[in-house]
There are 2 protein chains.
Amino acid sequence: MPDSALKTPAPDSRTLADQVFTRLQDDIVLGVLKPGTKLGEAELAARYGVSRGPLREAIRRLESRKLLERIPHVGTRVASLELADLIEIYRVREALEGMAARLAAEQMTAAEVAGLWELLALHEQQQDLQDDVAYFQHAGDLDFHYRIIQGSHNRTLIDLLIGEIYHRVRMYRYQFSMTANRPRKALTEHRRIAEAIEARDGEMAELLMRRHISRAREYLEARQAPGSSDTNRSPTT
Amino acid sequence: MPDSALKTPAPDSRTLADQVFTRLQDDIVLGVLKPGTKLGEAELAARYGVSRGPLREAIRRLESRKLLERIPHVGTRVASLELADLIEIYRVREALEGMAARLAAEQMTAAEVAGLWELLALHEQQQDLQDDVAYFQHAGDLDFHYRIIQGSHNRTLIDLLIGEIYHRVRMYRYQFSMTANRPRKALTEHRRIAEAIEARDGEMAELLMRRHISRAREYLEARQAPGSSDTNRSPTT
DNA sequence: CTGGATCAGATTGTCGACAATTGTCCTTGC
DNA sequence: GCAAGGACAATTGTCGACAATCTGATCCAG
């Protein structure tokens with residue numbers, strides 16, 4: 001639930017099209033509408049209590065974000081996320097978040113760095129207590145990356161990552177009920193990235209972030225390879 | 001004009017909304033509609049001979065691509081591109097195209113590599129003849145990057161770069177009538193990137209591509225800095 | 001003369017109905 | 001019995017009209 005910071009438009013958007021866009025996106029990301037489901041416009045319009053006009057606008061925007069697949073004159077389906085797609089996304093994340101970490105090391109304010117350490121302290125505490133493990137994997141881990149992305153102070157980079165990429169990552173996590181496979185290691189890597197940022201070492205921050213994400217991708221590729229078919233477990237990144 | 005390969009939807013889209021989307025995008029990118037222009041829906045609807053319905057869908061899609069800026073209940077304006085925005089985009093290109101070059105070195109087929117060399121030979125020939133310089137800067141240079149991006153064989157990466165980023169780069173070029181400032185150096189760098197790809201050296205290809213784009217960005221930053229206000233000249237990347 | 005509130009005009013947001021296209025099912029011929 | 005063709009139904013694409021909201025210009029008060 002603490003995904004509040006990840007929503008794109010204003011929470012109480014004034015226009016109906018924005019409201020239904022937000023609600024539809026949440027229903028897709030959280031798994032209420034499962035991948036492959038065929039969505040009739042009339043059905044959805046009744047579901048959200050709006051006309052087909054605003055609904056169509058929301059559909060087009062979700063289609064741009066790759067959360068919906070539409071075929072003209074045929075219909076709209078919820079995008080089905082293959083593991084191969086997620087691996088592709090991790091390649092993009094490796095490049096983009098590596099750059100974000102580099103820029104964050106150069107551009108983050110002292111207050112932002114302090115906030116980063118507070119977040120890590122919170123994570124460490126929660127992990128020691130084995131408290132709410134789910135939080136760490138979902139919003140917790142994402143929040144760490146989220147702060148570094150914002151720390152880049154590069155609007156284009158932020159919009160791309162938060163607005164175009166992360167929705168699909170979150171969709172994957174909720175869809176497969178992902179459980180972190182190595183939270184302790186991930187936390188250590190997070191801490192080292194924070195150290196590099198605090199030291200204003202951009203190159204090191206980029207290297208560590210890329211390695212961090214690359215390891216998660218390699219884990220996914222191992223799951224994809226034939227022969228290894230364990231239960232749903234996922235990297236923490 | 002040889003931008004045919006850069007268009008997003010099918011050229012003869014069946015639905016009216018797609019057609020007006022394509023035409024509107026071209027008018028924005030090519031500078032027919034200049035940045036900051038206020039666009040009335042009724043006016044545009046008459047301009048393209050469609051109703052406001054399909055037009056609004058096109059507007060939403062262009063807004064997602066950051067080519068239009070919309071304020072609810074107020075209106076839509078053509079996105080005004082500051083030099084600072086272009087510099088931000090070049091940071092993203094450095095990260096993304098660096099990764100693309102790495103993947104291209106690993107994934108490109110022999111035929112694709114051959115096509116890359118043919119393109120470079122064509123560029124070299126045109127430059128020797130001082131023939132059509134404009135081609136090299138606009139479509140020519142973009143085509144080189146375009147091929148490497150596609151060579152990554154990563155659908156997510158391709159869609160991001162071609163579908164979300166490059167439109168704004170093209171818009172900038174047409175807007176400022178950019179003239180290459182160092183075509184010879186750029187061609188040499190292109191050739192070295194191709195060599196690394198042919199040698200299947202992913203790390204080297206990424207390094208060279210990042211340096212290539214980074215230099216162009218540094219040139220833009222120099223133009224942005226106070227004191228240097230020469231005429232409109234731009235890097236070739 | 002300046003500042004703020006009010007009102008008119010225009011523009012955007014929303015809705016319901018009509019037209020066009022697609023997929024399906026039935027019929028028909030071989 | 002099977003395949004090809006056609007007609008029907010359902011869904012999407014498109015349109016015009018109505019309602020809600022913002023801009024600006026005018027008018028009034030201080």
Side-chain angles (χ1 to χ4, degrees), chain A residues 7-28 33-80, chain B residues 7-28 33-80:
Chain A
K7 282 170 186 165
T8 309
D12 58 339
S13 302
R14 225 17 183 286
T15 158
L16 274 184
D18 287 342
Q19 290 179 23
V20 63
F21 167 77
T22 302
R23 292 177 59 186
L24 223 183
Q25 177 174 252
D26 285 346
D27 284 345
I28 295 173
L33 267 36
K34 281 163 190 166
T37 306
K38 183 177 179 181
L39 301 178
E41 293 185 357
E43 171 194 359
L44 285 182
R47 193 183 207 277
Y48 296 110
V50 295
S51 176
R52 276 181 54 209
L55 181 85
R56 283 174 67 87
E57 293 189 4
I59 288 178
R60 291 311 184 295
R61 283 160 70 177
L62 271 323
E63 184 197 2
S64 289
R65 294 194 170 183
K66 303 285 164 58
L67 290 179
L68 291 179
E69 296 172 352
R70 187 178 67 90
I71 302 177
H73 294 285
V74 174
T76 308
R77 313 179 70 87
V78 179
S80 51
Chain B
K7 279 170 187 165
T8 308
D12 59 338
S13 302
R14 229 11 187 289
T15 157
L16 274 184
D18 286 342
Q19 290 180 24
V20 63
F21 167 77
T22 302
R23 292 177 59 186
L24 223 184
Q25 178 173 252
D26 284 347
D27 285 345
I28 295 173
L33 268 36
K34 281 163 189 167
T37 305
K38 183 178 179 180
L39 301 178
E41 294 185 356
E43 170 194 359
L44 285 183
R47 193 183 207 278
Y48 296 110
V50 297
S51 177
R52 276 181 54 210
L55 181 84
R56 283 174 68 88
E57 294 188 3
I59 288 179
R60 291 311 186 296
R61 284 161 70 177
L62 269 325
E63 184 196 2
S64 290
R65 295 194 169 183
K66 302 285 164 56
L67 290 179
L68 290 178
E69 295 171 352
R70 188 178 65 91
I71 302 176
H73 294 286
V74 174
T76 308
R77 312 178 70 86
V78 178
S80 52

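Below, chains carry the letters A, B, ... as their sequence lines are ordered, and counting in each starts from 1.
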Open item on the list: Let's go through Phe21(A) and Arg60(B) carefully: what are the C-alpha distance in whole Å and the side-chain angles of both, what is the deciding distance for side-chain contact (heavy atoms from CB on, under 4.5 Å) to 0.1 Å, and is it a yes or a no?
Closed with: CA-CA 12 Å; Phe21(A) 167 77; Arg60(B) 291 311 186 296; over 6 Å; no

Which atom pairs link the protein and nucleotides 14-23 of chain C when you take only N or O atoms and keep those under 3.5 Å?
from, atom 1, to, atom 2, distance (Å)
dT14(C), OP1, Thr15(A), OG1, 3.2
dT14(C), OP1, Leu16(A), N, 2.3
dT14(C), OP2, Thr15(A), OG1, 3.1
dC15(C), OP2, Ser51(A), N, 3.0

Under 3.5 Å, which donor-acceptor pairs link side chains of residues 66-75 of chain A to any protein atom two or more places apart or in another chain?
from, atom 1, to, atom 2, distance (Å)
Lys66(A), NZ, Asp159(B), OD2, 3.3
Arg70(A), NE, Glu63(A), OE1, 3.2

Residues 48-55 of chain B, side-chain donor-acceptor partners within the protein, below 3.5 Å, at least two apart:
from, atom 1, to, atom 2, distance (Å)
Tyr48(B), OH, Asp27(B), OD2, 2.6
Arg52(B), NE, Glu41(B), OE1, 3.0
Arg52(B), NH2, Glu41(B), OE1, 3.0

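As judged by a 4.0 angstrom heavy-atom cut-off over every strand, Leu39(B) is placed among residues touching the sugar-phosphate backbone only.
Proximity of a side-chain donor or acceptor of Arg77(B) to a complementary backbone N or O of Gly36(B) within less than 3.5 Å is detected.
For Arg61(A) and Gln25(A), the side-chain atoms include no donor-acceptor pair closer than 3.5 Å.
Rounding to whole angstrom units, CG of residue Leu68(B) and P of dT12(C) are separated by 12 Å. Between the P atom of dT11(C) and the CZ atom of Arg70(B) lies a distance of 17 Å, rounded to the nearest Å. Across the protein-nucleic acid pair, Ile71(A) atom CD1 and dG13(D) atom C1' stand 16 Å apart, rounded to whole Å.
Leu33(A) has its side chain within reach of Leu24(A): a pair of non-hydrogen atoms, C-beta onward, lies under 4.5 Å apart.
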